[in-house]
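Everything numeric here is computed off the predicted structure, so don't read it as measured data. Side-chain atoms are counted along with the backbone in the values below, which use heavy atoms only and exclude waters and symmetry mates.
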Amino acid sequence: MSFYRNAVWFVKGMQEYTKSGYEAAAKHFAPADLDVNLSGRSFMVTGANSGIGKATAQEIAKRGGIVHMICRNKGRAETAKDEIVAQSKNENVHVHIVDMSSARQVWEFAQNFSQNNKLHVLINNAGCMVNQRELTEEGLEKNFATNTLGTYILTTALIPAMKKVEDPR
C-alpha cells in the first residue's frame, strides 16, 4: 500500500474508529430509533453464544423477536440461551447446533430450517481466527470454511425463504 493510502487510512481511522470518533457520531444518534417492537419477526444469529452475537440475540429477545441462535457448542449455547431467556423474559429463543466450518452441515441445516420456519433477518456473526493452518473434516482451511464458505452457503440457502416474508434483511 502506498504511503498516501496509509496516511489517509490512519487519519480516517483516528477520526472514526476511536472513542472520540464514536462520541462525535453519537451526537447525531436518535435514541428513539432503538425503541422497536420486533414481535412476530424471526431472527437468525450465528455465533450467538458469546460476544457480539450474544448481545445481539439478547437485544432482539428483549424487543420481542423470535431468536434462532446458531452455535457450535451445545453446552455454551444452552447456557447463553438460559441467560437470554431469564434477562429478556422471552421464551421464543431457539438453539440450533451447527458448525459453520462444515459446508455440508450448514447446507443441510439451512434446507431443513427453510422448510419449517419463517426468517425475516439473518445476522452472520460467527467467525474464527485460527493462527495455525488447520483443515476441516472436508479438507478446507478452517478460517476460509468458517468465515467465508459457511457464511456464503447459509446466506444463499436461506434467500428463497427470506423472499417469502415481508421486509427481509
Side-chain angles (χ1 to χ4, degrees), residues 29-131 133-169:
F29 293 170
D33 288 347
L34 295 177
D35 295 332
V36 179
N37 181 353
L38 301 177
S39 298
R41 291 188 53 88
S42 178
F43 296 77
M44 181 181 289
V45 183
T46 65
N49 62 303
S50 65
I52 295 171
K54 183 179 175 185
T56 301
Q58 173 68 48
E59 289 301 315
I60 292 167
K62 198 184 299 184
R63 289 171 170 74
I66 301 165
V67 179
H68 295 278
M69 299 171 61
I70 309 303
C71 304
R72 183 177 32 137
N73 181 296
K74 184 174 179 146
R76 290 179 60 197
E78 291 296 337
T79 300
K81 175 191 173 185
D82 293 344
E83 291 173 14
I84 291 169
V85 169
Q87 291 176 7
S88 68
K89 309 293 187 253
N90 182 345
E91 295 290 329
N92 274 325
V93 179
H94 311 279
V95 170
H96 306 276
I97 305 303
V98 180
D99 183 350
M100 290 297 292
S101 71
S102 171
R104 179 172 315 173
Q105 202 177 114
V106 171
W107 177 259
E108 289 172 358
F109 165 74
Q111 294 303 307
N112 292 334
F113 184 89
S114 296
Q115 293 173 1
N116 304 316
N117 300 281
K118 286 184 179 180
L119 182 63
H120 294 90
V121 180
L122 171 61
I123 301 170
N124 285 308
N125 169 70
C128 70
M129 187 184 295
V130 180
N131 294 325
R133 181 169 168 79
E134 189 177 322
L135 300 179
T136 67
E137 291 178 6
E138 296 164 330
L140 299 168
E141 195 277 324
K142 191 153 199 153
N143 287 311
F144 169 76
T146 304
N147 301 337
T148 305
L149 186 61
T151 299
Y152 176 80
I153 291 170
L154 184 64
T155 302
T156 56
L158 291 174
I159 286 174
M162 293 179 73
K163 286 183 175 181
K164 295 177 184 176
V165 299
E166 184 180 334
D167 195 28
R169 305 279 175 180

Please find the pair of heavy atoms, one from [X] and one from [Y], that lie closest to each other, and give the distance.
X      : Y      : value
Thr46  : Asn125 : OG1-N, 2.7 Å
Ala77  : Val95  : CB-CG1, 3.6 Å
Ala145 : Ser101 : CB-O, 3.5 Å
Trp107 : Ala157 : CZ3-CB, 3.6 Å
Leu149 : Ala103 : CD2-CB, 4.1 Å
Glu83  : Gln58  : O-OE1, 4.1 Å

As a test of understanding, state which of Asp167, Leu119, Val36 forms a side-chain contact (heavy atoms from CB on, under 4.5 Å) with Arg41. Asp167
Only one of Asn92, Val67, Val93 passes side-chain contact (heavy atoms from CB on, under 4.5 Å) with Val85; say which it is. Val93
If only atom types and distance count, is the side chain of [X] paired as donor or acceptor with the main-chain N or O of [Y] below 3.5 Å?
X      : Y      : answer
Asn147 : Cys128 : yes
Glu138 : Leu140 : no
Glu134 : Lys142 : no
Asn116 : Asn112 : yes
Glu137 : Ser102 : no
Arg63  : Leu34  : yes
His68  : His94  : no
Ser42  : Lys118 : yes

Show your working on side chain to side chain contact (heavy atoms under 4.5 Å, CB included) between Thr56 and Ile123 and close with a plain yes or no. CA-CA 9 Å; Thr56 301; Ile123 301 170; 3.7 Å; yes
Let me confirm one number: the [atom1]-[atom2] distance from [X] to [Y], rounded to the nearest 0.5 Å.
X      : Y      : atom1 : atom2 : answer
Phe109 : Asp99  : CZ    : CG    : 13.0 Å
Arg72  : Met100 : CZ    : CE    : 11.0 Å
Ile153 : Thr148 : CD1   : OG1   : 11.0 Å
Ile97  : Asn73  : CD1   : CG    : 7.0 Å
Glu166 : His120 : CD    : NE2   : 7.5 Å
Asn143 : Met129 : CG    : CE    : 7.5 Å

Cationic N near anionic O, under 4.0 Å, Glu78 to Lys74: no
Walk me through whether Cys71 and Arg76 qualify under side chain to side chain contact (heavy atoms under 4.5 Å, CB included). CA-CA 8 Å; Cys71 304; Arg76 290 179 60 197; over 6 Å; no
When you look at CD1 of Ile52, are more than 12 heavy atoms from neighbouring residues, nucleotides or ligands closer to it than 6.0 Å? no
Are the side chains of Val106 and Val98 in contact, using a 4.5 Å heavy-atom criterion? yes
Under a 4.5 Å cut-off applied to non-hydrogen side-chain atoms, are Lys62 and Gln87 in contact? no
When the ring planes of Phe113 and His96 are compared, do they come out parallel, tilted or perpendicular, using 30° and 60° as the limits? perpendicular
Side-chain donor-acceptor contact under 3.5 Å, Thr155 with Asn124: yes
Worked check of side chain to side chain contact (heavy atoms under 4.5 Å, CB included) between Asn117 and Met44: CA-CA 11 Å; Asn117 300 281; Met44 181 181 289; over 6 Å; no
